[in-house]
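Please read the structure below before turning to the comments.
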Number of protein chains: 2
Amino acid sequence: MTQQQAEDDHSPSPAELFTRAVALLTAQGDLRVWSVIISVFGDLALERNDVITGTLLTRLTTLMGLKPEAVRVALFRLRKDGWITSHKTGRSSAYRLTDMGFRETQAARTRIYAPSLPEPESWQLLVSRPMVQAARAQDEKTLQEQGFHIIGPGIYLGAGNLAAGDGFLAVDGQITRLPDWLRAAVPPDGLEQGFAELCARLGDLSALLDGDIPALDATERATLRVLIVHHWRRLLLRQPNLPDRFFPDGWPGVACRGRVMALLARLERPALDELQETPG
Amino acid sequence: MTQQQAEDDHSPSPAELFTRAVALLTAQGDLRVWSVIISVFGDLALERNDVITGTLLTRLTTLMGLKPEAVRVALFRLRKDGWITSHKTGRSSAYRLTDMGFRETQAARTRIYAPSLPEPESWQLLVSRPMVQAARAQDEKTLQEQGFHIIGPGIYLGAGNLAAGDGFLAVDGQITRLPDWLRAAVPPDGLEQGFAELCARLGDLSALLDGDIPALDATERATLRVLIVHHWRRLLLRQPNLPDRFFPDGWPGVACRGRVMALLARLERPALDELQETPG
């Protein structure tokens with residue numbers, strides 16, 4: 001596009017562009033502040049000891065339209081729940097993930113940023129002894145923590161290298177038949193609509209940003225990245241961690257993943273240092 | 001053993017020995033005549049077109065203590081049910097298995113004479129869609145005919161190369177955990193006692209025949225073989241066709257199989273021609 005053409009199209013200014021992009025990503029008005037802050041740490045604090053200043057947190061959350069009072073409450077809650085610690089540096093505060101917080105965000109990152117979920121080398125199908133539902137609930141909890149999926153009463157499917165208790169029949173190998181009834185049962189209720197809506201919004205965002213990303217500064221890129229990651233994460237982590245072929249044909253989570261990956265690749269992640277040095 | 005020693009031991013004559021051996025194998029008094037005749041064909045008519053004369057059938061069944069009238073009724077029933085056909089040869093009749101009869105005895109032979117049941121190269125575990133018991137009954141029938149075993153409601157285990165209908169989740173591979181509850185559930189009720197009793201009787205028979213088998217003629221050997229195969233078959237075919245490790249520890253079917261194989265190896269199978277030429 002030549003300069004002349006761009007002017008003919010009445011392209012928005014970088015500031016207008018950013019405002020519209022944020023509006024697209026916050027139109028639902030349902031941002032949970034404490035969860036957004038986790039997304040900030042998850043996308044920007046990649047090293048164990050990375051620190052995020054209160055100044056940067058305030059700047060990012062303000063650009064997202066969140067109220068300072070709500071951010072203060074959320075930070076208090078995250079400290080109380082053991083996700084973050086804070087310390088004073090001069091007049092302002094700085095925040096860091098706890099061991100637990102880092103472990104959790106690290107584990108989620110392997111799912112959030114995966115361009116596709118590869119088939120594991122081997123699957124394990126477990127069958128438990130016949131038992132009443134009350135007894136089964138404990139098994140279900142333990143096995144889900146180990147990454148197994150409940151296929152039916154007392155039937156669990158997981159990646160083949162997971163450990164399990166005694167008392168199960170186990171067949172280790174390949175999945176050679178994956179029936180439609182199981183694929184239909186894999187996604188939790190409501191998730192399809194959620195992915196479809198996000199997919200549409202990300203499509204609009206892609207169109208909006210088309211060709212104009214270099215005009216966004218580091219803080220603006222970070223803001224948009226965090227919002228995209230946030231929405232994607234909230235849906236993705238509700239769906240079972242299974243390869244695409246386990247989902248119904250045309251599952252919108254697949255297209256959504258493609259759009260997330262494309263946008264994150266275009267909205268290059270700024271280094272934390274660069275962000276913190278930017279004047280507020 | 002020298003001639004002198006044998007006389008010192010008051011060894012039984014070959015005729016006494018045979019009488020005692022038959023008594024051991026018919027002590028239960030529960031021989032089903034039509035089933036015994038199937039055992040005769042199964043052990044002696046190995047080729048598709050082998051014919052067994054009425055004369056030989058009468059001789060063998062008489063030695064087992066069966067009544068000629070019961071044998072006639074059984075032969076009539078076997079013809080009616082499509083197991084055998086008969087034709088006249090001069091003054092007497094001759095019998096032959098039908099296609100169905102040969103197929104069935106042939107299929108059973110692979111289990112009856114197997115010194116051990118090898119682990120298949122691959123297992124297949126199937127999980128069906130949730131369904132009511134009435135609908136499941138048809139699946140269970142179809143899959144059992146294909147050699148699958150019912151592990152639980154809608155859960156089937158079979159050798160990996162078997163075909164199955166659509167609609168199942170299938171994992172193909174190795175069994176890496178085989179729990180005690182499943183092994184305890186594998187044998188049908190009553191079978192353990194049956195195998196234990198047969199095992200004891202075969203132990204007595206082995207002791208009785210120890211060293212004296214060369215004295216038995218072809219008809220006597222055939223009679224004892226058929227009785228052994230008959231008892232073994234009646235129990236074996238009631239148990240799921242699974243390798244020994246699927247049964248509870250100390251399962252008497254395993255020891256029983258060993259004794260059957262050892263006795264059959266010692267009681268060499270006479271050729272059908274040799275038996276038919278023997279004067280009645």
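Proteins come first, then strands; the chains are lettered A, B, ... in the order of their sequence lines, and each starts at number 1. These values consider heavy atoms only, across backbone and side chains, with no hydrogens, waters or symmetry-generated copies.
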[X] atom [atom1]: more than 12 heavy-atom contacts under 6.0 Å:
{"X": "B/Glu145", "atom1": "CD", "value": "yes"}
{"X": "B/Gln174", "atom1": "CD", "value": "yes"}
{"X": "A/Gln133", "atom1": "CD", "value": "yes"}
{"X": "A/Glu268", "atom1": "CD", "value": "no"}
{"X": "A/Glu140", "atom1": "CD", "value": "yes"}
{"X": "A/Arg48", "atom1": "CZ", "value": "yes"}

Give, as side chain, backbone, both or neither, the part of [X] having an atom under 4.5 angstrom from any heavy atom of chain B.
{"X": "A/Leu125", "value": "both"}
{"X": "A/Leu182", "value": "side chain"}
{"X": "A/Leu169", "value": "both"}

* B/Gln124 and A/Thr176: CA distance, side-chain angles, deciding distance, side-chain contact (heavy atoms from CB on, under 4.5 Å) verdict -> CA-CA 9 Å; B/Gln124 188 172 59; A/Thr176 53; 3.7 Å; yes
* Asked: Quick one: does B/Trp123's side chain have a donor or acceptor within less than 3.5 Å of a partner on A/Val171's backbone?
  -> no
* Members of residues 254-265 of chain B whose heavy atoms come closer than 4.5 Å to chain A -> none
* **Residue-level contacts of residues 233-249 of chain B with chain A, using a heavy-atom cutoff under 4.5 Å** => none
* Run the side-chain contact (heavy atoms from CB on, under 4.5 Å) check on B/Arg129 and A/Asp180 step by step: do they pass? -> CA-CA 9 Å; B/Arg129 70 165 68 240; A/Asp180 288 342; over 6 Å; no
* Structure fact -> Per-residue tally against chain A (heavy atom, under 4.5 Å) across B/Ala170, B/Pro179, B/Ala185, B/Gly173 peaks at B/Ala170
* Asked: Under 4.5 Å between any side-chain heavy atoms of A/Trp181 and B/Pro130, yes or no?
  -> yes
* Check whether B/Ile175 gets within reach of chain A through its side chain, its backbone, both or neither, counting any heavy atom under 4.5 Å. => both
